[in-house]
Every structure is written in C-alpha cells, then in structure tokens.
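Since we're looking at a predicted model, the values are computed, not measured.
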Amino acid sequence: DIKVDDDLRFYPYFITFDFEALLLTDHLPSNTQKLSWTHEHQPVSFSMCSNVPNHLEPVFEFDSNVESLVRKFVQRAYQIQSTAQKYMKSRFSAVFKKLSIEAKKLQELSEETDEDENDDDDDFDDDENDMHRAVNTPLVKHIKRIQGRLENYVNEIPILGYNSGKYDLNLIKSKLADCLELDKSERNFVVKKCNQYMCISNGDLKFLDISNFVAPGFSYDKFIKSYEIDLHKSYFPYEFCTAYEKLQHSELPPYEAFYSSLKNCNVLEEEFSRYQQLVEVEKVPVSVALKTMNLKETPATGQENYRHLLQLWRDQGMRNMIDFLRYYNNLDVLPFCHAVSKMLRFYMTRNIDLFKTCISVPGVARELVFRSSAGNAHFACFDKKNEDLYQLFRKGMCGGPAIIFHRYHERDVTRIRKNKPCKKIIGYDANALYLWALGQKMPTGPFTIRKEENDFRLVKRDRYLKA
C-alpha cells in the first residue's frame, strides 16, 4: 500500500493573468445592415502573477504585435509551470520512488517466471508460472498507468482569469492555439459553451475562468472585496486610448476621458453614484449601504479618485500611458492572486482539489454530493456497453418553452386581445416545481433493463447481481 499525506492531496499552485486591449477606431471593417463597428479590440499587454515561489510578483509585458505578445505570455507561463513542476515532483518524490520499486519488483518476478519456465518442463509448474504471469503483467501495467496519471497531475498548472472565457481567451485565441500546440498535444482538452471557453488545456497549462466558480453577475471587484483583499482594481480611460499613439501621452488624461459609454457613466464616480443612490434616493441606512456594496467606509467621489491618480502618476514617476497601463494591469492580477489563494484554502478544508477536479460550480456541487454521500448512496452509471441507455435518457431531457415575449407590462398601458388595455397583471413563480420533483421518490441502486419487444422480461442486470 502507498499512503499519501493529506497535504499532498491538493494541488496548491496557480497562475493569474489579465490581458488589456486598445479600442481602435481606425481601419474598421465596413458596416452592414445588421452590424455597425464602433471599435476593434486589439490586445497590447498582459500581466501575470502566481503563488509559485520565485514568481510571486506580477510581471507586465507590452507589445503592439499580437503574435509576439501571446508568445511572450505562453513562454512566461511555461517558466512558472516549470518551477511548479519541480516543487511538485519533489513533494511526490517518495510516491514516485515507491511506484518504481513496486513496478520493478513485479517485472523481476515476471522475468524469473519466464526463466523457470525455460528450465523446467513440469506441466504443473507451467500452470503456476502462467498464473503468476497473468497476475503480475496487469499489475505492472496498472502501476505504470498510475505513474502516468501522477506525472500529468504534477505537470499541469491552472491559469486563471476573471471573465477570461468570454473575453481574454477570445481576444487571443487565434494565436494561443498555435503557441500551445493544441494540434500536436495528445493531452489537449477543450470545453466550449456557446462563445465562452470553459477550459483549455494542453496537458501543461490549464486555462480556467474564475467567474464560472461564483454566482452569475458577480464582478471582479466584488470577488476581491468578498475575500477582504486590501488592494483593489484601479481605473483606466479605455475610450481615450483609441490608437497606439495615445499610449505615448505624457500626462494623465483629463477627468472626462474616464467616461465609459458601455456603463453610461464616468468610471471614477461609478461607485460613489451607486452609494448616493442607496443612501439619498432609496433611503437605505449608511451601514446597510456599505454592507451591500462590501465597503468599510464611504467611497471616494470621482474628483477624489482623479486626484489620487494624479498623485500616483507623480509619485511613481510615470512618463507615459504605458507606465499607467502597467500599474493598472498589475492591479488586475496581484489582488486576484491573493483572493484565489483564500478561495483555494476554503475548498481544501472541504477536501476538494478545486482546479484539478472542477471547471465550474456544477463540478464543485458534484464533488460535494459524492463526498457527503460516500458509503451511504449508490450511483448507477452507464458504461460503453449501455451507451444506448445514456442516449435514451439524454434525449428525454428537455426544458419548457420560453413564452415570455415582452419583459415589461403595465396595467392600462400594455395592449392585449385585439388592442384592448390590460386591466390586471398576475405573476407566478414556477421554480418551486423543481423542489417538488426533488421531493418525490427517486430510483436508486443498480439498474435493470426490460424491453417491450421482449415482453418486459429481465434482459440484463448489474454485473454484480444475478439476472
């Protein structure tokens, strides 16, 4: 038996990253009847940080050539992966050694059996040698499989972004696939959901999106604050930087340059405006408003934030917008790294190796279900021989039709039934039907097969039970 210490049952290392892009306005594709181009997102920089020893500080790279930028990104990731791999192999050295010794012993026994067979013609001994060989050979193969899986485990490091599955990876995917050599790797693994990449792995680097591990709509800023990290995301004038020349700007852009048409407000005053809305308009108590926004004190006004950035520009001796971009980009990965470290420790206390066994919240739920019901429940799974049953159940799954054609209705305003005004609106919440269904009796234990064409006679039962 090979015993593995509890602290070795979790992969402790990870990398955080973030790409920044310019919103270019020159040389845009031609507009069509259904599509109008306003900007083109062109990646120009990335920051990377990790919790791997010797790589604890954020690293920033700027390059106007996208292919060169992505290659630098992958090279930097491999440098960190190589260091993490060395630490992991050192941690598992006793396990690797034990597996090698066991495999060598079994191999030697098989070779001795072959020698005895050549020297002895006794039929009884031949039968015994065949029995030993039949036992030893599969065991050797099994140990080698374990060695291979353990090698893969220590080699692969998670690379984490926030909302990266929808934005960052789509921003660089045309160059990233080549740099990762996904077409050559035998261990590549890609999971895509609509236009979002849930996971991309080539066996060494595993890209995951932290936003898939939190509640929908949970922003990066909320994620950082929820883990009580002192450092926070800064502000950047995206709509000011519409050309590469703007990055050579030698002073902080004016206050108005921080306006975002996407958010329809100036990002410098966004947080304070939200606070004012709660306290002055909705009449929420100050303590409740601060708790709602995950704040410890009243947020700064837009002008106060701008004065802080001006002071920061002077204190850090920034010469142009590239220096400011470095500061902004690094603040997207360093506090992120601290928050993920806390998140990882939280799941370790629940015996979940988060980024090795899951790619999203449903995976976490699956791990919790299996662990909490260990020894008390049986889960019937379909193997390859019963693939037709899997397809039968799969095809039988369907959701209800979406019949909400208008999101907003108002009495005496909404028109129904030949343009008559609606006099009454009633809403029903049908979510409780799921809870009702879960409360009904469910099938458990090994499954059996009965078919209509066979008069529903028992065809096959679980292989461990008699038919």
Does K193 have more than 12 heavy atoms from other residues, nucleotides or ligands lying within 6.0 Å of its NZ? no
Any donor-acceptor pair under 3.5 Å linking the side chain of E239 with the backbone of S261? yes
Would you check if L69 and P43 make a side-chain contact, meaning some heavy-atom pair closer than 4.5 Å? yes
Nearest heavy-atom pair of I322 and F60: which atoms, and what distance? O-CZ, 4.3 Å
F19 CZ to I172 CD1 distance, which is reported to the nearest 0.5 Å: 4.0 Å
Spell out, as yes or no, whether a donor-acceptor pair under 3.5 Å connects the side chain of Q42 to the backbone of L24. no
With distance as the sole test, does N419 use its side chain to make a donor-acceptor pair with the main-chain N or O of R415 at under 3.5 Å? no
Can you name the closest pair of heavy atoms from P58 and C49 and give their distance? N-SG, 3.9 Å
Using the ring of F189 (Phe, Tyr or Trp, six-membered ring only), decide whether R187 places NZ or CZ under 6.0 Å from its centre and within 45 degrees of its axis. no
Does CD1 belonging to I416 count more than 12 external heavy atoms closer than 6.0 Å? yes
Between the main-chain N or O of L205 and the side-chain N or O of N202, is there a donor-acceptor pair closer than 3.5 Å? yes
Which atom pair, heavy atoms only, marks the closest approach of M48 to I80? SD-CD1, 3.8 Å
Determine whether I200 and L182 make a side-chain contact, defined as any pair of heavy atoms from C-beta on separated by less than 4.5 Å. yes
Determine whether more than 12 heavy atoms belonging to other residues, nucleotides or ligands lie under 6.0 Å from atom CZ of R314. yes
Determine, for R9 against D353, whether the closest basic-nitrogen to carboxylate-oxygen distance falls under 4.0 angstrom. no
Quick one: does NZ or CZ of K342 land under 6.0 Å from the six-membered ring centre of Y227, within 45 degrees of the ring axis? no
Could you tell me whether Y197 and F207 have their ring centroids closer than 6.0 angstrom? no
Under the 3.5 angstrom rule, does the side chain of D63 hit a backbone N or O of S68 as a donor-acceptor pair? no
Walk me through whether L150 and L99 qualify under side-chain contact (heavy atoms from CB on, under 4.5 Å). CA-CA 10 Å; L150 189 57; L99 287 170; 4.3 Å; yes
Evaluation steps, side chain to side chain donor-acceptor pair (under 3.5 Å), between N155 and N152: CA-CA 5 Å; N155 287 348; N152 294 340; 4.9 Å; no
Run through D332, D18, D221 and flag the one making a salt bridge (charged side-chain N to carboxylate O under 4.0 Å, His left out) with K233. D332
Looking only at the side chains, is there a donor atom on one of S201 and E156 sitting less than 3.5 Å from an acceptor on the other? yes
Tell me whether the rings of Y220 and Y162 are parallel (<30°), tilted (30 to 60°) or perpendicular (>60°). perpendicular
T414 side chain to E410 backbone, donor-acceptor under 3.5 Å: yes
Say you draw a straight line from OG1 of T298 to CE of M293; how long is it, rounded to the nearest 0.5 Å? 10.0 Å
Are side-chain heavy atoms of I352 and L368 found at a separation under 4.5 Å? yes
Is the closest basic N to carboxylate O distance between R274 and E270 below 4.0 Å? no
Determine, using ring centers only, whether F218 and F223 are less than 6.0 Å apart. no
If you compare all heavy atoms of L176 against all heavy atoms of V74, which two are closest, and at what distance to 0.1 Å? CD1-CG2, 3.9 Å
Could you check whether any side-chain heavy atom of M198 comes within less than 4.5 Å of a side-chain heavy atom of S360, counting everything from C-beta outward? yes
Rounded at 0.5 Å granularity, tell me how far CG in L268 sits from OG1 in T301. 9.5 Å
Tightest non-hydrogen contact, residues M321 and C241, listed as CE-SG, 4.2 Å
Can you tell me if Y244 has over 12 outside heavy atoms packed within less than 6.0 Å of its OH? yes
Evaluate Y235 against Y306 for side-chain contact (heavy atoms from CB on, under 4.5 Å), listing each step before the verdict. CA-CA 9 Å; Y235 310 96; Y306 186 69; over 6 Å; no
Inspect the contact between K89 and E151 and indicate whether a charged nitrogen and a carboxylate oxygen are less than 4.0 angstrom apart. yes
Residue pair D204 / I157, side-chain heavy-atom distance below 4.5 Å: no
Is it true that, when you exclude H232 itself, more than 12 heavy atoms of the residues, nucleotides or ligands shown sit nearer than 6.0 Å to its NE2? yes
Ignoring hydrogens and angles, state whether a donor on the side chain of Q196 or N212 is under 3.5 Å from an acceptor on the partner side chain. yes
Checking side chain to side chain donor-acceptor pair (under 3.5 Å) for the pair Q391/R394: CA distance, chi angles, key distance, verdict? CA-CA 5 Å; Q391 297 298 339; R394 184 71 181 172; over 6 Å; no
Between the main-chain N or O of N386 and the side-chain N or O of D383, is there a donor-acceptor pair closer than 3.5 Å? yes
Spell out, as yes or no, whether a donor-acceptor pair under 3.5 Å connects the side chain of S82 to the backbone of Q79. no
Would you call L22 and L247 a side-chain contact if the rule is heavy atoms closer than 4.5 Å? yes
Candidate pair Y255 and Q303, rule side-chain contact (heavy atoms from CB on, under 4.5 Å), full reasoning: CA-CA 8 Å; Y255 181 89; Q303 289 296 338; 3.7 Å; yes
Indicate the ring-plane relationship of Y13 and Y87, choosing parallel, tilted or perpendicular according to the 30° and 60° boundaries. tilted
Keeping D412 on the side-chain end and P421 on the backbone end, is there a donor-acceptor pair under 3.5 Å? no
Flag the pair K246 / P253 as yes when at least one side-chain heavy-atom distance between them is below 4.5 Å, and no otherwise. no
Surrounding NZ of K222 (heavy atoms of other residues, nucleotides or ligands, distance under 6.0 Å), is the total greater than 12? no
Does any N or O in the side chain of W37 come within less than 3.5 Å of the main-chain N or O of L28, such that one atom is a donor and the other an acceptor? no
Test side chain to side chain donor-acceptor pair (under 3.5 Å) applied to S45 and E61, step by step: CA-CA 5 Å; S45 73; E61 286 284 354; over 6 Å; no
Evaluation steps, side-chain contact (heavy atoms from CB on, under 4.5 Å), between E367 and Y347: CA-CA 11 Å; E367 289 290 312; Y347 281 105; over 6 Å; no
Would you say the ring centers of H39 and Y238 fall short of 6.0 Å from each other? no
Heavy-atom side-chain contact between F355 and Y11 under 4.5 Å: no
How about F258 and F240: are their ring centres within less than 6.0 Å of each other? no
Checking T83 against N54: is there a side-chain donor and acceptor pair closer than 3.5 Å? no
In short, A103 meets V140 closest at the heavy-atom pair O-CG2, 4.2 Å
Tell me whether E271 is salt-bridged to K225, with the criterion being a basic N under 4.0 Å from an acidic carboxylate O. yes
Do NZ/NE/NH1/NH2 and the carboxylate oxygens of D209 and K166 come within less than 4.0 Å? no
